[in-house]
Amino acid sequence: MISKKPTLKKLSPSFGSSLLVNQHIKKVDKNDAYWHFHPELELVYVNKGQGKTHIGNHLSYFNNSQLILIGSNLPHNGFTDRLTANGMETTIHFKSDFLGKDFADIPEMSSVMALFHRAKKGIRFHVETKKIIGPKIDNLTEYAGLERVLKFLEILNFLSHTDDYSLLNADGFAFEADAQDSAKIATIIKHVNTNFQSHISLDEIADKVRMTVPAFCRYFKKATGKTFTQVVNEYRVVHATKLLSEESQMSITDICFECGFNNFSHFNKTFNEITGKSASNYRKEIKLIIE
């Protein structure tokens with residue numbers, strides 16, 4: 001069964017490489033498709049297949065191909081178990097500073113870094129871009145070392161200049177933190193990930209990172225751009241969108257409490273603020289998509 005809570009996934013590129021490139025030509029076990037996040041960005045190209053795209057609070061279905069860039073720490077389901085006999089999926093995982101922090105700061109990289117910033121909301125590239133870039137992504141496995149990096153930079157350069165895309169997660173659901181804060185933020189994320197269905201007090205979470213409540217609130221807002229309550233509520237709403245999208249007979253009231261809200265009107269208001277629609281309308285739209 002697919003996990004409903006996002007799990008921190010650790011990724012390691014092969015020795016001597018700054019990129020992790022994987023290619024799937026057949027269906028993958030459903031157990032590998034779980035709700036997770038990781039500090040690396042993820043570029044996914046499916047050249048033929050069908051299935052569900054669930055990134056942050058965005059959910060949609062595809063029936064052909066897709067090219068998506070997922071930002072750092074943006075929860076999503078694994079892209080598996082929906083390839084056709086003739087289909088192939090290629091994924092590239094990489095850090096935003098995979099060529100070094102100094103290289104990421106040079107003027108020539110500004111458009112690419114802007115692309116990475118947009119990816120925090122999830123980016124789906126459209127048909128024309130898929131036609132040009134898709135084969136280049138599929139062919140990355142044919143290269144190694146510096147040649148692979150140069151080919152990948154060509155891909156990023158193209159993606160950073162095209163306007164042939166749409167953002168998937170307009171409200172955002174990524175944790176923004178400086179590198180030196182990653183361990184502390186990871187501790188906070190892990191605690192929220194495990195406990196968002198219950199009440200998490202500020203005293204409890206501040207104690208986890210050995211800070212006073214006022215210091216924690218200032219730190220967390222600066223690191224993520226959001227209050228701790230906003231982030232917990234976003235976790236709960238994303239969990240709700242998953243429950244609403246599944247073939248479940250759970251009532252919306254039951255989903256409200258299952259996600260950690262203890263007040264139905266507060267759940268409705270928060271769900272609307274984050275997704276732009278009511279929970280009942282969200283469920284209706286998903287049913288239409290599935291049908």
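All values reported here derive from a predicted model rather than from experimental measurement.
- Judged by distance alone, the side chains of E204 and H199 never bring a donor and an acceptor atom under 3.5 Å apart.
- Between A240 and F267, the shortest heavy-atom distance links the atoms CB-CE1, 3.9 Å.
- How far NZ of K277 is from CG of N272: 10.0 Å, rounded to the nearest 0.5 Å.
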Working for ring pair (Phe, Tyr, Trp, His ring centres under 6.0 Å), residues H126 and Y165:
CA-CA 5 Å; H126 299 158; Y165 70 86; 7.5 Å; no

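- Counting all heavy atoms, side chain and backbone alike, Y235 lies closest to N193 at CE2-CA, 4.0 Å.
- Counting only distance, with no hydrogens or angles, the side chain of N139 and the backbone of P135 share a donor-acceptor pair below 3.5 Å.
- In terms of heavy-atom proximity, L74 sits nearest to K120 at CD2-O, 3.5 Å.
- Using a 4.5 Å heavy-atom cutoff, the side chains of F261 and F271 are not in contact.
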Start with the C-alpha distance between R148 and L19, add both sets of side-chain angles, then the distance that settles side-chain contact (heavy atoms from CB on, under 4.5 Å), and finish with yes or no.
CA-CA 9 Å; R148 174 182 283 187; L19 307 173; 4.1 Å; yes

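- Taking 4.5 Å as the limit, some side-chain heavy atom of F125 sits within range of a side-chain heavy atom of L69.
- For the residue pair E89 and Q23, no side-chain donor N or O sits within less than 3.5 Å of a side-chain acceptor on the partner.
- Looking at every heavy atom in both residues, T91 comes nearest to H93 through OG1-CE1, 3.9 Å.
- Ring to ring, F98 and F103 are not that close: their centroids are 6.0 angstrom or more apart.
- For L167 against R118, the heavy-atom pair with the smallest separation is CD2-O, 3.9 Å.
- Side-chain polar atoms of D254 and S251 form a donor-acceptor pair below 3.5 angstrom.
- Proximity of the aromatic rings of F228 and F216 is defined here by a centroid distance below 6.0 angstrom, and this criterion is met.
- At a threshold of 4.5 Å between non-hydrogen side-chain atoms, the residues L168 and K121 do not count as touching.
- Side chain of T162 to backbone of L159: no donor-acceptor contact under 3.5 angstrom is found.
- Atom CD1 of I252 is separated from atom CZ of F257 by 13.0 Å, given to the nearest 0.5 angstrom.
- Between the side chains of N281 and S278, a donor-acceptor pair is found at a separation under 3.5 Å.
- Of the possible donor and acceptor atoms, one in the side chain of Q230 sits under 3.5 Å from a partner among the backbone N and O of T227.
- Taken from CD1 in I132 to CD1 in I155, the straight-line distance is 12.0 Å, to the nearest 0.5 Å.
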For the pair D203 and S201, evaluate side chain to side chain donor-acceptor pair (under 3.5 Å) and give the outcome as yes or no after the intermediate values.
CA-CA 5 Å; D203 286 315; S201 69; 5.0 Å; no

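- Note that CG of D163 is 11.5 Å distant from CD of E128, once rounded to the nearest 0.5 Å.
- K130 NZ: more than 12 foreign heavy atoms inside a 6.0 Å radius.
- Two residues are said to be in side-chain contact when any heavy atoms from C-beta on lie closer than 4.5 Å; I133 and Y45 fail this criterion.
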For a side-chain contact (heavy atoms from CB on, under 4.5 Å) check, start with the C-alpha distance between L150 and Y143, then their side-chain angles and the critical distance, and finish with the verdict.
CA-CA 10 Å; L150 292 174; Y143 304 97; over 6 Å; no

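- Looking only at side-chain heavy atoms (C-beta outward), L20 and E40 stay at 4.5 Å or farther from each other.
- Between F116 and F94, the distance separating the two ring centers is shorter than 6.0 angstrom.
- For the pair T270 (side chain) and H266 (backbone), a donor-acceptor distance under 3.5 Å is present.
- Hydrophobic clustering (side-chain heavy atoms under 4.5 Å, transitive across Ile, Leu, Val, Met, Phe, Trp, Tyr) groups I123 together with F158.
- Of all heavy-atom pairs between D164 and V127, the closest is OD2-N, 4.0 Å.
- For D207, the side-chain hydrogen bond (donor to acceptor under 3.5 Å, both in side chains) test picks out no residue, with sequence neighbours left out.
- With rounding to the nearest 0.5 angstrom, the CZ atom of R124 is 7.5 Å from the CD1 atom of I55.
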side-chain contact (heavy atoms from CB on, under 4.5 Å) between N73 and H38, intermediate numbers included:
CA-CA 5 Å; N73 291 326; H38 38 71; 5.6 Å; no

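- With values rounded to the nearest 0.5 angstrom, N47 atom CG is found 7.0 Å from T90 atom OG1.
- Using a 4.5 Å heavy-atom cutoff, the side chains of L153 and V112 are not in contact.
- Side-chain atoms of K208 and K190, non-hydrogen and from C-beta on, never get closer than 4.5 Å to each other.
- For the pair K269 and E273, the minimum side-chain heavy-atom distance is below 4.5 Å.
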Assess the residue pair F152 and I92 against the criterion (side-chain contact (heavy atoms from CB on, under 4.5 Å)); give the C-alpha distance rounded to whole Å, side-chain angles, the decisive distance to 0.1 Å, and a yes or no.
CA-CA 9 Å; F152 184 57; I92 305 145; 3.8 Å; yes

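- Remark: the backbone N or O of P39 is paired with a side-chain donor or acceptor of S72 at under 3.5 angstrom.
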